[in-house]
Amino acid sequence: MVISAFKPAEDGQGFVIRLYEPAGRSGRVKLCLPTVPAAAWETNLLEEARRPVGHDGTSLSFEVRPFEIKTFYFSFEKEKGGPGGRKKS
């Protein structure tokens, strides 16, 4: 996997990590984070919320297909809510 982007999210309230698989192989990937996120979501390329993803403290594991692009949105402050600043109910 190659990290192609690590940046503030477009909504200004989280961070986005985008990765891609360049070798044409499928497999399981483990992404290690520097700190424990309050929440994590897999998003599309437009950073629209798709689905929550589980994480084990500072790591996130997921499956990847050949040449697949994965985008993840991370929130590190619980009071900010989800992508778009929406508070979870």
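Since we're looking at a predicted model, the values are computed, not measured.
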For E42, the side-chain contact (heavy atoms from CB on, under 4.5 Å) test, sequence neighbours excluded, returns R50, R51, V53, K70, F72
One should read off an interatomic distance between S59 OG and K30 NZ, to the nearest 0.5 angstrom, of 4.5 Å
Write down the atom of [X], the atom of [Y], and the distance for their closest heavy-atom approach.
{"X": "R65", "Y": "S26", "answer": "CA-CB, 4.0 Å"}
{"X": "S61", "Y": "R28", "answer": "CB-NH2, 3.5 Å"}
{"X": "S75", "Y": "W41", "answer": "CB-CZ3, 3.8 Å"}
{"X": "M1", "Y": "F62", "answer": "CE-CE1, 4.4 Å"}
{"X": "A39", "Y": "H55", "answer": "CA-NE2, 4.5 Å"}
{"X": "P22", "Y": "F67", "answer": "O-CE2, 3.5 Å"}

Say whether R18 and T71, considering side chains only, have a donor N or O and an acceptor N or O under 3.5 Å apart. yes
Given L33, which of T35, L31, V36 fulfils the side-chain contact (heavy atoms from CB on, under 4.5 Å) condition? L31
With E21, which of V29, V64, I69 fulfils side-chain contact (heavy atoms from CB on, under 4.5 Å)? V64
Heavy atoms of other groups near N44 CG, more than 12 under 6.0 Å: yes
Residues forming a ring pair (Phe, Tyr, Trp, His ring centres under 6.0 Å) with F15, sequence neighbours excluded: F6
Salt bridge check: are E68 and R25 linked by an N-O gap of less than 4.0 Å? no
Answer yes or no: is there a side-chain heavy-atom contact under 4.5 Å between D11 and Y73? yes
Min side-chain heavy-atom separation T43-V16 under 4.5 Å: no
Are Y20 and L45 connected in the hydrophobic side-chain network, where two residues link if heavy atoms are under 4.5 Å apart? yes
